[in-house]
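Computed from a predicted model, the values in this text were never measured in an experiment.
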Protein chains: 2
Amino acid sequence: MGLSKTEIFTDRQNQIALFGKVFGHPARVAIMDYLFKIQACVCGDLVNEIGLAQPTISQHLKELKHLGLIKGNVEGTSVCYCIDHENWMHMKKLMIGFLDQDILSESCC
Amino acid sequence: MGLSKTEIFTDRQNQIALFGKVFGHPARVAIMDYLFKIQACVCGDLVNEIGLAQPTISQHLKELKHLGLIKGNVEGTSVCYCIDHENWMHMKKLMIGFLDQDILSESCC
DNA sequence: TATATTAATCGTATTATTGCAATGAAACAA
DNA sequence: TTGTTTCATTGCAATAATACGATTAATATA
């Protein structure tokens, strides 16, 4: 079908999948990398930094914003983006909880 | 277009995106959860455990195997799946390195 | 007011993903 | 050999994601 059957999975599994999906595109990884590197808000030079067209970047930003990982503050004609540290921390906790399951797990083969 | 422009991103960013994508579906998260929970190899009862058809599970397993996160050992007519702990650790290191960027980053707004 | 700047949105072409019925392949049992 | 079991593969339909040109909306500036 092309449609994920989210109803048969737990909320936690669906949430992990949502965050996984948002990091499932290198452009969004690159956007986050840049926001972390710059250590401040970025006023829309992401189009020059990353080599994609303005509507494409805008779309990726929208998805990151939709999951609450970044915020966009309007300043005049431009918009300043920065990381939502609190939401990032929550996401990080969830993802690391998933990734860290191996420390309790024995190797069997 | 529908085609990611991987060539304009770093290898690291593309790799993070690949792992992100594989966790971008709740069925694959559920498969990993189950493998960790069971603490042993699983011989094909994943179809019953997760509520998807056999070809669908097989396809998800293939993607996890392709990234090296699980191994499949043929045993008679059945196949036993288990986690590749070494590759999981490498993946985990990469992902946590990405997620942990916030500890060096100041909040600006 | 007219123009420029910035970024979101719309529309659309292209490609990817998801899900499953049907089929195939391999090992085992009778 | 003839079924049976188990899982992979194929083929296809439906939906999602990616990318960008064109346009729109909002604000600033001359």
What residue pairs, at least two apart or across chains, pass salt bridge (charged side-chain N to carboxylate O under 4.0 Å, His left out) with a residue in residues 18-32 of chain A?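 Matches after skipping sequence neighbours: A:R28-A:E63.
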
Pairs where residues 39-53 of chain B contributes a residue and the test salt bridge (charged side-chain N to carboxylate O under 4.0 Å, His left out) is met, not counting sequence neighbours: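 Residue pairs passing salt bridge (charged side-chain N to carboxylate O under 4.0 Å, His left out), neighbours aside: none found.
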
Does A:K21 have a side-chain nitrogen or oxygen under 4.0 Å from the phosphate oxygens OP1 or OP2 of C:dT17?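 No, no such contact exists.
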
Residue pair A:H25, A:H60: steps toward the side chain to side chain contact (heavy atoms under 4.5 Å, CB included) verdict: CA-CA 9 Å; A:H25 194 291; A:H60 286 306; 3.9 Å; yes

Counterpart residues, ring-ring contact (aromatic ring centres under 6.0 Å, His included), relative to [X] (two or more places apart):
X     : value
B:H85 : none
B:F98 : A:F23, A:W88
A:F9  : none

Without decimals, in angstroms, what is the distance between [X] [atom1] and [N] [atom2]?
X     : N      : atom1 : atom2 : answer
A:I8  : C:dT18 : CD1   : P     : 13 Å
A:N14 : C:dT18 : CG    : P     : 13 Å
A:L46 : D:dA19 : CG    : P     : 15 Å
B:H66 : C:dT17 : NE2   : P     : 12 Å
A:F9  : C:dG19 : CZ    : C1'   : 11 Å

Set of residues satisfying side chain to side chain contact (heavy atoms under 4.5 Å, CB included) with respect to [X], sequence neighbours excluded:
X     : value
A:V47 : A:Q54, A:I57
B:H90 : B:E86, B:N87
B:S78 : B:C43

Can you pull out the residues from residues 22-34 of chain B that lie within a 4.0 Å heavy-atom distance of DNA chain C?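 Within residues 22-34 of chain B, the residues near DNA chain C are B:H25, B:R28.
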
Interface with DNA chain D, restricted to residues 53-61 of chain A and to heavy atoms under 4.0 Å: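 DNA chain D contact set from residues 53-61 of chain A: A:A53, A:P55, A:T56, A:Q59, A:H60.
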
Nearest to the side chain of A:T77, heavy atoms from C-beta on, is which of D:dT6, D:dA28, D:dT9?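 Out of D:dT6, D:dA28, D:dT9, the nucleotide with an atom closest to A:T77's side chain is D:dA28.
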
Apply side chain to side chain contact (heavy atoms under 4.5 Å, CB included) to residues A:L67 and A:M91 and explain how you reach the verdict. CA-CA 9 Å; A:L67 285 191; A:M91 176 279 294; over 6 Å; no

Quick one: side-chain hydrogen bond (donor to acceptor under 3.5 Å, both in side chains) partners of B:E75, sequence neighbours excluded?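 B:E75: no side-chain hydrogen bond (donor to acceptor under 3.5 Å, both in side chains) contacts found.
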
Pairs counted as Watson-Crick or G-U wobble with both distances under 3.5 Å: what dot-bracket string results for DNA chain C, using | for bases tied to another strand? ||||||||||||||||||||||||||||||

